[in-house]
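Position 1 is the first residue of the sequence; numbering continues from there. Keep in mind that the numbers below use all heavy atoms, side chains included, and drop hydrogens, waters and symmetry copies.
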Amino acid sequence: FGMVTHMADANSTSTYTNAQITKFKHLLKRVRAAGISVPTISTDNSAALLTTTLNHFDPKELLTQEFADTRGFVRIGGAIYGQRPSFPQLRAVSTLMASVRHVAILKRGESVGYDRAYVADHNVRIATLTIGFADGYPRELGNKNGQVTIRGHVFPVVGNICMDMMMVELGDASDKTSPGAEVVVGDTAILWGPGDDEDGDGMVSLKDIATRLKTTQSALTCGLDKERV
């Protein structure tokens, strides 16, 4: 236990951050003046810690308390996973994978998924993956709004995302030499990864998905069901 604040606008040009820490210091002084021990102090989240021009954390001012051993700590959240695009020194490490459970030929006119949202306009090869919106994969990425990587090649997500599964179009069923024709049950599909310009096999980056959905990378990773994924 102790006293904590959270920087709402931690960046190099923010005056709000300085005002916020001033209020925090004032409250801390009043608490200590009342004879209340404050064992721990925390002010910095990921953004505040990484913004080197912020000099608000003065150990002598914040940690010193007579007859008490006050300790300071920082709270690193998304930065652990490289999920702060404003800081290029970070590298993404998050990878979401699923298995190919089924591969089938979908004939022209046949459909997959809820509401028959995807109807094949020619004979195509379809892979079913073992992940769905109950696991936290965004339903908005269905109907070719999302992509996955299998065997180093990118394939579109087709149909609506189901609760426990999703479908991917592997290409024309008559093409026996295409990358999609090589996909078999048991293959690993990468739904997002570090990106093809960094370490890892992810050719669909978490950052790009967040941008497409107008959300944050942390919102996507926190939305995953930790017991299912």
Side-chain angles (χ1 to χ4, degrees), residues 81-83 85 91-106 110-229:
Y81 306 99
Q83 294 172 7
R91 303 186 66 186
V93 297
S94 173
T95 302
L96 179 63
M97 299 180 290
S99 296
V100 175
R101 178 61 59 86
H102 184 65
V103 177
I105 302 299
L106 195 69
E110 294 181 336
S111 60
V112 295
Y114 290 123
D115 305 320
R116 300 186 69 240
Y118 174 81
V119 179
D121 57 8
H122 62 286
N123 294 353
V124 295
R125 186 174 280 103
I126 297 290
T128 301
L129 309 184
T130 58
I131 191 170
F133 64 77
D135 304 295
Y137 188 75
R139 196 169 184 269
E140 296 83 356
L141 292 176
N143 300 303
K144 296 192 175 182
N145 290 316
Q147 298 174 312
V148 306
T149 304
I150 307 175
R151 292 179 173 244
H153 297 276
V154 177
F155 301 99
V157 177
V158 294
N160 289 323
I161 304 295
C162 304
M163 181 179 292
D164 300 304
M165 63 187 70
M166 55 185 281
M167 282 65 71
V168 175
E169 182 183 299
L170 301 177
D172 195 309
S174 63
D175 190 344
K176 308 297 184 181
T177 61
S178 68
E182 299 178 0
V183 175
V184 296
V185 172
D187 278 350
T188 297
I190 301 176
L191 287 78
W192 69 58
D196 55 1
D197 57 343
E198 300 173 355
D199 291 341
D201 296 324
M203 297 180 69
V204 179
S205 73
L206 177 61
K207 179 174 67 175
D208 290 343
I209 293 176
T211 299
R212 177 176 299 181
L213 297 181
K214 296 181 180 180
T215 186
T216 65
Q217 297 177 56
S218 292
L220 291 170
T221 52
C222 288
L224 296 174
D225 188 318
K226 306 306 185 294
E227 295 183 0
R228 294 171 59 98
V229 176

Checking the side chain of Asp175 only, and the main-chain atoms of Thr177 only, is there a donor and an acceptor separated by less than 3.5 Å?
yes

Shortest non-hydrogen contact between Lys176 and Ala181, atoms and distance
O-CB, 3.6 Å

Show the nearest heavy-atom pair for residues Thr95 and Gly193, with the distance to one decimal.
OG1-CA, 4.0 Å

Measure across Gly159 and Ala117 and return the closest heavy-atom pair with its distance rounded to 0.1 Å.
CA-CB, 4.4 Å

Which value, rounded to the nearest 0.5 Å, describes the distance between Ile126 atom CD1 and Phe155 atom CZ?
11.0 Å

Taking only residues two or more places apart in sequence or in another chain, which ones pass side-chain hydrogen bond (donor to acceptor under 3.5 Å, both in side chains) with Arg151?
Asp187

Give a yes or no on whether the backbone of Gly152 and the side-chain of Thr149 come within a donor-acceptor separation of less than 3.5 Å.
no

Would you say OH of Tyr81 has more than 12 non-hydrogen atoms from neighbouring residues, nucleotides or ligands within 6.0 angstrom?
no

Gln217: side-chain hydrogen bond (donor to acceptor under 3.5 Å, both in side chains) partners, not counting sequence neighbours
none

Would Tyr137 and Leu220 satisfy side chain to side chain contact (heavy atoms under 4.5 Å, CB included), going step by step from the backbone distance to the final call?
CA-CA 8 Å; Tyr137 188 75; Leu220 291 170; over 6 Å; no

Can you tell me how far apart CE (Met97) and CG (Leu191) are? Round to the nearest 0.5 Å.
10.0 Å

Nearest heavy-atom pair of Leu106 and Ala120: which atoms, and what distance?
CD2-CB, 3.9 Å

Would you say Leu129 and Val148 make side-chain contact, with heavy atoms under 4.5 Å?
yes

Between Arg212 and Asn145, is there a donor-acceptor pair closer than 3.5 Å when you use the side chain of the first and the backbone of the second?
yes

Hey, could you give me the NE2/OG distance between His153 and Ser178, rounded to the nearest 0.5 Å?
9.0 Å

Just wondering, do Ile131 and Leu96 contact through their side chains at under 4.5 Å, heavy atoms?
yes

N/O donor-acceptor pairs under 3.5 Å from side chains in residues 163-172, not counting sequence neighbours:
| unit_1 | atom_1 | unit_2 | atom_2 | d |
| --- | --- | --- | --- | --- |
| Asp164 | OD1 | Arg228 | NH2 | 2.4 |
| Glu169 | OE1 | Tyr118 | OH | 2.6 |
| Asp172 | OD1 | Ser174 | N | 2.8 |
| Asp172 | OD1 | Ser174 | OG | 2.6 |

Does anything in residues 95-105 form a salt bridge (Lys or Arg N to Asp or Glu O under 4.0 Å)? List the pairs, not counting sequence neighbours.
none

Just do the side chain to side chain contact (heavy atoms under 4.5 Å, CB included) check on Leu206 and Thr221 with the steps written out, would you?
CA-CA 9 Å; Leu206 177 61; Thr221 52; 3.7 Å; yes

Evaluate the side chain to side chain donor-acceptor pair (under 3.5 Å) criterion for residues Thr211 and Asp208: first the C-alpha distance (whole Å), next the side-chain angles of each, then the deciding distance (0.1 Å), finally the verdict.
CA-CA 5 Å; Thr211 299; Asp208 290 343; 5.3 Å; no

Mind checking what makes side-chain hydrogen bond (donor to acceptor under 3.5 Å, both in side chains) contact with Thr215, not counting sequence neighbours?
none

Start with the C-alpha gap between Asn143 and Val157, add the side-chain angles, then the distance that decides, and say whether side chain to side chain contact (heavy atoms under 4.5 Å, CB included) holds.
CA-CA 6 Å; Asn143 300 303; Val157 177; over 6 Å; no

Could you measure the distance from the CD1 atom of Ile190 to the CD1 atom of Ile150? Nearest 0.5 Å is fine.
9.5 Å

Kindly state each residue pair satisfying salt bridge (Lys or Arg N to Asp or Glu O under 4.0 Å) with at least one member in residues 113-122, sequence neighbours excluded.
none

Between Thr130 and Ser99, is there a donor-acceptor pair closer than 3.5 Å when you use the side chain of the first and the backbone of the second?
yes

CD1/Ile209 to CG/Leu141 distance, rounded to the nearest 0.5 angstrom?
5.5 Å

Side-chain donor/acceptor of Asn160 to backbone N/O of Tyr114, under 3.5 Å:
yes

Ser94 versus Trp192, side-chain donor and acceptor atoms under 3.5 Å:
yes

